[in-house]
Chemist: 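Before I ask anything, let me first share the structure, which is written out below as structure tokens.
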Amino acid sequence: MAADSGARRQPIFTKVDQLRPGTHGHNLILKVVDSKMVVQRGREGGPQGRQMRIAECLVGDETGIIVFTARNDQVDVIRPGTTVELRNAKIDMFKGSMRLAVDKWGIVKAAESSAEWTVKEDNNLSLIEFELVTVTE
């Protein structure tokens, strides 16, 4: 048995411009540019206190921006002007465009320090439309 089996591997961080459709397992440090609530359903006192909140947030780094779909508790972390760390993020496709998302296997948290770089807002990966092409042999 390896002696360092208890040691955690350091995460490898990706830049926004390296994201591609259908990929997952991305670790990113991003600045939140904008956030807007798109779905807010349920009541605190409802069945099992279930409520659903979804916000579409514009997040980015010095290479570009992308739409991040924040769900429930993630909405509280993703506030405009903050720097966030996403672990195990994936790319979902929505109407032919890329959206960044973090499911229950990932982590959305405030970054330990504020990012010093300026977000490159003129390279929005969510505005690029992709078309699914089936290849026949």
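Along the sequence shown, the residues carry numbers beginning at 1. Keep in mind that what you see is a predicted model, and the values were worked out from it rather than measured.
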Chemist: Taking atom CG of Asp61 and atom NZ of Lys15, what is their separation to the nearest 0.5 Å?
Modeler: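 Reported value, rounded in 0.5 Å steps: 5.0 Å.
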
Chemist: Quick check: do Arg41 and Gln51 have side-chain heavy atoms less than 4.5 Å from each other?
Modeler: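 Contact flag for Arg41/Gln51 side chains = no.
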
Chemist: Checking Lys109 now: which residues fulfil side chain to side chain donor-acceptor pair (under 3.5 Å) with it, not counting sequence neighbours?
Modeler: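 Side chain to side chain donor-acceptor pair (under 3.5 Å) list for Lys109, sorted by chain: empty.
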
Chemist: Tell me, please, which residues at least two apart from Arg87 pass side chain to side chain donor-acceptor pair (under 3.5 Å).
Modeler: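 Checked Arg87 against side chain to side chain donor-acceptor pair (under 3.5 Å); matches are Glu85.
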
Chemist: What residues, two or more places apart in sequence or in another chain, satisfy salt bridge (charged side-chain N to carboxylate O under 4.0 Å, His left out) together with Glu121?
Modeler: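 With neighbours one apart ignored, the set is empty.
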
Chemist: Minimum heavy-atom separation for Arg20 to Ile91, with atom names?
Modeler: O-CG1, 3.4 Å

Chemist: Would you give the length of the straight line joining atom CD1 of Ile128 to atom CG of Asn123, rounded to the nearest 0.5 angstrom?
Modeler: 6.5 Å

Chemist: Any pair with a residue in residues 88-107 that passes side-chain hydrogen bond (donor to acceptor under 3.5 Å, both in side chains), sequence neighbours left out, goes on the list, sorted by first then second residue, please.
Modeler: Glu56-Arg99

Chemist: Show the atom names and distances, to 0.1 Å, of all donor-acceptor pairs under 3.5 Å that link a side chain in residues 29-39 to residues at least two apart or in another chain.
Modeler:
unit_1 : atom_1 : unit_2 : atom_2 : d
Lys31  : NZ     : Ala115 : O      : 3.4
Lys31  : NZ     : Trp117 : O      : 2.5

Chemist: Any link between Leu125 and Phe130 through a network of hydrophobic side chains (Ile, Leu, Val, Met, Phe, Trp, Tyr) touching at under 4.5 Å?
Modeler: yes

Chemist: What distance separates Arg79 CZ from Thr83 OG1, expressed to the nearest 0.5 Å?
Modeler: 11.0 Å

Chemist: Do side-chain atoms of Gln74 reach the backbone of Val108 as a donor and acceptor pair under 3.5 angstrom?
Modeler: no

Chemist: Go through it in stages, so that I can follow the logic: the residues are Ile65 and Val16, the test is side-chain contact (heavy atoms from CB on, under 4.5 Å), and I'd like the CA-CA distance, side-chain angles, deciding distance and then a yes or no.
Modeler: CA-CA 7 Å; Ile65 57 176; Val16 170; 5.8 Å; no

Chemist: So, for Val67 and Ser126, which heavy atoms are closest and what is the spacing to 0.1 Å?
Modeler: N-OG, 2.9 Å

Chemist: Against Leu28, only a single residue in Ile66, Val84, Leu100, Val59 fulfils side-chain contact (heavy atoms from CB on, under 4.5 Å); can you say which?
Modeler: Leu100

Chemist: Can you name the residues that form a salt bridge (charged side-chain N to carboxylate O under 4.0 Å, His left out) with Asp76, not counting sequence neighbours?
Modeler: Arg53

Chemist: Under 4.5 Å between any side-chain heavy atoms of Phe68 and Leu86, yes or no?
Modeler: yes

Chemist: Can you name the nearest heavy-atom pair linking Cys57 to Ile78, along with the distance?
Modeler: SG-CG2, 3.4 Å

